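Working notes, structure below.
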Amino acid sequence: MSQHHSRRESLPPSTPATVTVFASPTSWIESNALAQCQQVAALDGMIHVAGMPDLHPGKGAPIGAAMASTVLYPFLVGSDIGCGIAVFPMKLKRAAPEKLAARFPDLDRPLDPERDADDPAWAVVEGDVPAGHVEGLGTVGRGNHFVELARIETVFEPGHASRLGLAAGDLVLIVHSGSRGLGERILRAHTEVHGAGGAPDAAAYLAMHDDAVRWGSLNRRLMAARVAHALGAEPTEPIVDQCHNLVEVRDGVYLHRKGAAPGDGRDVLIAGTRGTCSYLVAAHAGPDANHSVAHGAGRKMSRADALRRGRAKHTVEELRRTPVGSLVVCGDRQLLFEEAPTAYKRIEQVISDLVDHDLATPVATTVPLVTYKTPDIGSTSRPDRRNHRRKRGRP
DNA sequence: ATGTAC
């Protein structure tokens with residue numbers, strides 16, 4: 001941290017930062033996550049920390065928080081700069097999960113500008129790829145990232161849904177992914193020199209950050225196009241695309257969001273789990289919430305705990321075929337357990353906490369049909385995936 | 001979360 005170079009004397013007299021957590025007393029919030037909020041509140045220049053109902057501990061900083069400060073701290077955004085969730089309308093004649101799951105493209109395999117030059121998904125790229133970073137383009141990544149074909153189930157606000165072109169029964173593709181290696185590279189470059197300290201040249205960081213935000217959004221569109229083509233549908237423009245790891249200049253200060261979506265009059269898809277509904281909400285969060293809402297259900301267990309407890313509690317079969325009848329495409333057994341629905345909080349509680357604090361209004365729920373995480377072992381679409389890098393190189 | 005870090 002910056003204990004040797006406090007910039008406080010150059011700043012206006014400051015009062016201690018405030019911390020507000022938007023959750024009900026019965027909602028499960030780990031004490032470690034609350035402690036991380038207090039640690040963030042103690043940083044130089046910090047003004048206000050807003051914890052969302054999906055708050056949980058992260059690496060150094062809490063996840064599910066919006067943090068306003070006069071100093072820009074790259075570690076408060078994290079490495080996956082530009083990560084977000086986009087929703088694309090999908091029109092399919094048939095929606096049998098088994099058949100669709102088998103047709104998903106391999107989203108671990110990047111789109112290569114030369115080898116895949118004729119891939120129709122490239123049509124979504126207008127102009128240059130941000131930062132000229134083509135590595136990993138069109139890939140979903142790991143962790144909590146996913147691409148999900150879902151159906152609009154309950155519509156709470158028919159007028160609002162209709163303005164988005166949605167009605168009950170419609171299909172949508174939900175894409176949760178970020179900037180892959182690009183954001184990681186940007187944070188690492190800062191951390192190698194400044195550690196967890198602030199960015200001395202905020203404009204320079206912001207220029208790279210903005211590239212990563214654009215890259216993440218482009219990547220979500222590319223994946224949606226890849227999937228649409230593979231399933232025989234037309235690619236569409238997203239009706240929702242909100243980034244939940246970013247920093248913006250607002251009211252003259254740096255508003256960092258880490259696992260928190262912009263909530264100032266925007267529509268946001270708040271992700272449930274691989275086996276439960278997600279919620280499309282109209283967000284209307286004010287200054288107390290740092291103009292932000294939750295980004296998902298939020299982890300209830302660490303990945304290590306989820307793996308240990310999940311192995312005793314679940315079979316691979318029940319995680320691949322969920323209680324709502326959806327299929328999870330995930331050839332990585334460890335990831336399947338780490339991402340088990342029981343490792344997450346109940347999305348209904350997160351949503352009701354947002355509603356009770358007047359931060360958001362539910363518009364509709366989506367129920368998953370197929371959630372894609374990573375190719376299945378023995379996937380018919382790409383039986384050679386373990387060797388594809390080598391095999392696809394020069395002969 | 002990550003073409004990571006032990």
Side-chain angles (χ1 to χ4, degrees), chain A residues 32-33 36 54-65 73-86 106-113 115 129 131-147 175-192 195-196 208-209 211-213 215-217 219-220 223 242-247 256-261 271 273-274 294-307 330 332 334-340 343-344 371-375 385-390 392-393:
Chain A
N32 283 350
Q36 285 184 335
D54 56 343
L55 185 73
H56 60 100
K59 193 180 172 181
I63 300 169
Y73 292 100
F75 88 99
L76 294 183
V77 174
S79 64
D80 197 3
I81 306 160
C83 187
I85 298 181
D106 180 351
L107 298 176
D108 278 0
R109 189 177 70 82
L111 278 172
D112 186 289
R115 187 191 60 218
V129 174
H133 186 86
V134 291
E135 204 176 325
L137 206 50
T139 62
V140 62
R142 293 291 174 108
N144 59 358
H145 292 177
F146 64 86
V147 176
V175 181
H176 178 189
S177 186
S179 59
R180 311 289 287 108
L182 178 58
E184 198 277 336
R185 197 178 73 187
I186 293 166
L187 179 65
R188 184 154 35 81
H190 172 86
T191 306
E192 277 171 359
M208 294 184 284
H209 160 283
D211 274 340
V213 169
W215 200 98
S217 182
N219 197 35
R220 292 187 283 278
M223 275 184 276
Q242 294 302 335
C243 172
H244 50 237
N245 293 347
L246 81 168
V247 59
H256 312 72
R257 291 191 178 92
K258 172 69 171 169
T273 69
R274 289 350 92 218
H295 79 311
R299 295 198 73 86
K300 188 170 67 180
M301 279 175 223
S302 68
R303 290 186 177 277
D305 282 350
L307 187 59
C330 184
D332 181 335
Q334 178 172 331
L335 185 60
L336 198 58
F337 286 114
E338 288 175 355
E339 291 292 313
Y344 282 85
T371 305
Y372 177 101
K373 299 282 294 177
T374 191
R385 70 171 277 278
R386 279 174 303 171
N387 299 318
H388 72 256
R389 286 181 190 86
R390 235 173 342 111
R392 281 173 184 274

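Residue numbers start from 1 in every chain, and the chains themselves are labelled A, B, ... in the order their sequence lines are given, proteins ahead of strands. In this text, all values refer to a predicted model and were calculated from it rather than measured experimentally.
Remark: Gln36(A) pairs with no residue by the side chain to side chain donor-acceptor pair (under 3.5 Å) rule, at least two apart or across chains. When the side chain to side chain donor-acceptor pair (under 3.5 Å) test is applied to His145(A), the partners found at least two apart in sequence or on another chain are Asp80(A).
What separates CZ of Arg109(A) from P of dG3(B) is a distance of 17 Å, to the nearest Å. Counting to the nearest Å, the C1' atom of dG3(B) and the CD1 atom of Ile186(A) are 16 Å from each other. Between Asn219(A) atom CG and dG3(B) atom P there is a gap of 11 Å when expressed in whole angstrom units. Across the protein-nucleic acid pair, Glu192(A) atom CD and dT2(B) atom P stand 19 Å apart, rounded to whole Å. Taking atom NZ of Lys258(A) as the reference point, atom P of dT2(B) lies 10 Å away to the nearest angstrom. Distance, Ile63(A) CD1 to dT2(B) C1': 13 Å, rounded to whole Å.
Relative ring orientation between Tyr73(A) and His256(A) is described as tilted, the plane-to-plane angle lying within the 30° to 60° band.
The listed nucleotides are dG3(B), dA5(B), dT2(B); the one nearest the side chain of Arg188(A) is dA5(B). Comparing dG3(B), dT2(B), dA5(B) by their closest approach to the side chain of Asp80(A) singles out dT2(B).
For Arg180(A), a side-chain nitrogen or oxygen approaches OP1 or OP2 of dT2(B) to under 4.0 Å.
Nucleic acid contact for Gly181(A): sugar-phosphate only, since backbone atoms but no base atoms lie under 4.0 Å from a heavy atom of the residue. If you check every strand for non-hydrogen atoms under 4.0 Å, Arg299(A) touches nothing.
Contact of the Arg109(A) side chain with the Arg115(A) side chain is registered, since non-hydrogen atoms from C-beta on lie closer than 4.5 Å.
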